[in-house]
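A quick write-up on the structure given underneath.
Model, not experiment: these values are computed from the prediction. Just so we're on the same page: letters track the sequence lines, and every chain starts at 1. The figures that follow rest on heavy atoms only: side chains count, while hydrogens, waters and symmetry mates do not.
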Number of protein chains: 2
Amino acid sequence: MPRTLIWKSIADALIADLAAGHYGPGDKLPTEAQLAARFDVNRHTVRRALSHLADAGLVLARRGAGVFVAETPTDYPLGKRVRFHQNLAASGREGEKRILSLITRAADSDEATALKLDQGALVHVCEGLLLADDKPIGLFRSVYPEARLPGLPRFLNADPSVTRALANCGVDDYTRTSTRLTAKSAKAVQARHLNIAEGAPVLRSVSISIDPQNIPVEFGTTWFAGDRVTLVLGDDQRN
Amino acid sequence: MPRTLIWKSIADALIADLAAGHYGPGDKLPTEAQLAARFDVNRHTVRRALSHLADAGLVLARRGAGVFVAETPTDYPLGKRVRFHQNLAASGREGEKRILSLITRAADSDEATALKLDQGALVHVCEGLLLADDKPIGLFRSVYPEARLPGLPRFLNADPSVTRALANCGVDDYTRTSTRLTAKSAKAVQARHLNIAEGAPVLRSVSISIDPQNIPVEFGTTWFAGDRVTLVLGDDQRN
DNA sequence: TTTAGTGATTTGTCTAGTTGTATAGATGCG
DNA sequence: CGCATCTATACAACTAGACAAATCACTAAA
């Protein structure tokens with residue numbers, strides 16, 4: 001096996017520079033020629049390191065301009081009047097749901113935070129497909145607190161309707177709060193399920209639902225195939 | 001194997017504009033500097049695209065005066081074009097924005113339908129960037145009916161706030177209806193504006209806003225950088 | 001009113017620098 | 001040898017900036 005690869009050590013050095021805050025978001029890195037001189041290597045070797053950083057989303061190169069540090073994420077609030085009238089149903093067709101897996105395990109930190117549980121508390125995790133006309137349009141993963149909904153998996157297995165399963169567990173009503181939407185690139189596994197190309201655009205929805213006592217009962221994430229689904233917010237139905 | 005050449009995609013966008021009738025024979029195109037700003041590109045790159053159109057006999061450039069659409073009754077290469085990307089648009093009412101271009105022209109069929117106008121009616125078209133902390137997070141394109149909002153461009157130029165500009169035109173309030181969300185891949189020009197990689201996931205929002213009399217006053221589309229933006233739908237609603 | 005002039009705007013041209021891509025060769029290693 | 005890494009060179013695409021030349025809008029003078 002080759003000892004430390006030169007381009008990799010250069011990439012590490014550059015990442016260290018970024019981590020040290022030596023270059024801030026939007027800043028221009030030294031030119032490839034300058035970096036090549038600094039590390040005393042060929043420009044292509046520097047390019048391989050930079051390409052590694054670009055793949056990781058740390059930098060962005062613009063031909064003729066230079067290589068720039070990537071911007072940091074930001075939240076963007078929608079107008080206050082926006083509401084979900086027609087929730088995450090795709091293009092009006094009747095949604096079908098197919099459960100792929102249903103297990104009970106300890107919650108990770110994100111799930112515990114979302115459901116306001118102690119870390120390590122048990123949760124039911126249900127993963128499955130959303131179908132329209134027998135075509136996969138979305139992939140979902142829902143997490144439910146086991147303590148609040150002990151018998152949920154049995155009900156869900158018998159009937160995939162979340163509403164009825166929750167009702168059987170004593171949750172007569174629940175409402176969605178804080179839906180977050182963003183665009184992502186499909187991972188390999190997701191792409192397989194949705195029958196799309198890896199890296200294709202995917203609309204990710206993360207939501208938390210609460211019962212009338214404001215206790216979280218569901219932490220759900222859904223990935224929609226971007227080219228197959230349009231979420232409609234509001235009252236107008238057009239196509 | 002070069003990927004999409006920027007000057008070529010700009011040329012295609014301009015040809016699409018011509019084919020859509022946004023500029024008629026004899027009309028003056030925006031200046032090279034304005035086009036450069038609109039496509040976020042160097043003036044030379046715009047010049048290369050324009051030179052391509054000039055070679056094809058679609059436009060004619062006059063030093064000191066501008067670039068004009070050729071008078072020839074035109075056989076536009078409508079080969080397989082149809083609907084290109086050069087679209088941006090507005091979504092949120094809050095937030096900082098920077099206007100890249102602001103023109104008044106005849107509405108195409110989609111715009112006329114959305115705003116319930118007769119085809120050929122004049123519309124104001126505003127394209128620009130949404131910013132957060134001086135970083136671009138979204139691209140917008142908003143279309144307004146000229147008949148309802150005659151002086152809008154002047155107000156928008158003085159103050160990019162849509163709310164205040166509409167108020168100055170007599171629209172005291174407006175609400176959004178029928179917001180459509182889907183995930184797309186960033187086109188070359190969009191990627192440049194948003195400082196993301198070509199093909200990176202983008203969240204597209206298409207919306208129509210109406211005044212209290214239910215008359216459409218804005219038809220907007222916004223492309224959000226998927227890595228940088230999360231849309232937050234705050235309120236509660238049934239699931 | 002007409003003319004000339006002034007300054008801003010716009011296209012045309014030039015030089016230089018930077019990243020993207022392609023091809024070929026050198027080097028080290030199993 | 002076969003393969004991966006790195007080097008070397010050349011060119012294309014795009015950016016950046018500066019300046020010249022043509023045009024236009026406006027003003028002042030004849």
Whole-Å gap separating [atom2] ([N]) and [atom1] ([X]):
X      : N       : atom1 : atom2 : answer
F39(A) : dC6(D)  : CZ    : C1'   : 16 Å
R48(A) : dT7(D)  : CZ    : P     : 11 Å
L35(B) : dC14(D) : CG    : C1'   : 17 Å
K8(B)  : dC14(D) : NZ    : C1'   : 17 Å
L5(A)  : dT7(D)  : CG    : C1'   : 16 Å
I6(A)  : dG28(C) : CD1   : P     : 11 Å
D40(B) : dA16(D) : CG    : C1'   : 14 Å
H52(A) : dC6(D)  : NE2   : C1'   : 18 Å

H52(A): which residues meet the ring-ring contact (aromatic ring centres under 6.0 Å, His included) condition with it, sequence neighbours left out?
W7(A)
When every nucleotide of nucleotides 10-20 of chain C is labelled 5' to 3' by its protein contacts under 4.0 Å (heavy atoms), B for base, S for sugar-phosphate only, - for none, what sequence of letters results?
BBBBB--BBBB
Please enumerate all residues that pass salt bridge (Lys or Arg N to Asp or Glu O under 4.0 Å) together with E111(A), with sequence neighbours excluded.
R105(A)
Test salt bridge (Lys or Arg N to Asp or Glu O under 4.0 Å) applied to D17(A) - qualifying residues, sequence neighbours left out
R38(A)
Are OP1 or OP2 of dA13(D) and a side-chain N or O of T45(B) less than 4.0 angstrom apart?
no
Taking OP1 and OP2 of dC6(D), is either one under 4.0 Å from a side-chain nitrogen or oxygen of W7(A)?
yes
List in chain and number order the residues that pass side chain to side chain contact (heavy atoms under 4.5 Å, CB included) with T31(A), two or more places apart in sequence or in another chain; answer none if no residue qualifies.
K28(A), A33(A), Q34(A)
If we count only N and O atoms by modelled type, under 3.5 Å, do the side chains of T4(B) and E198(B) hold a donor and an acceptor together?
yes
Once salt bridge (Lys or Arg N to Asp or Glu O under 4.0 Å) is applied, what residue pairs with a partner in residues 44-57 of chain A remain, sequence neighbours excluded?
E32(A)-R47(A)
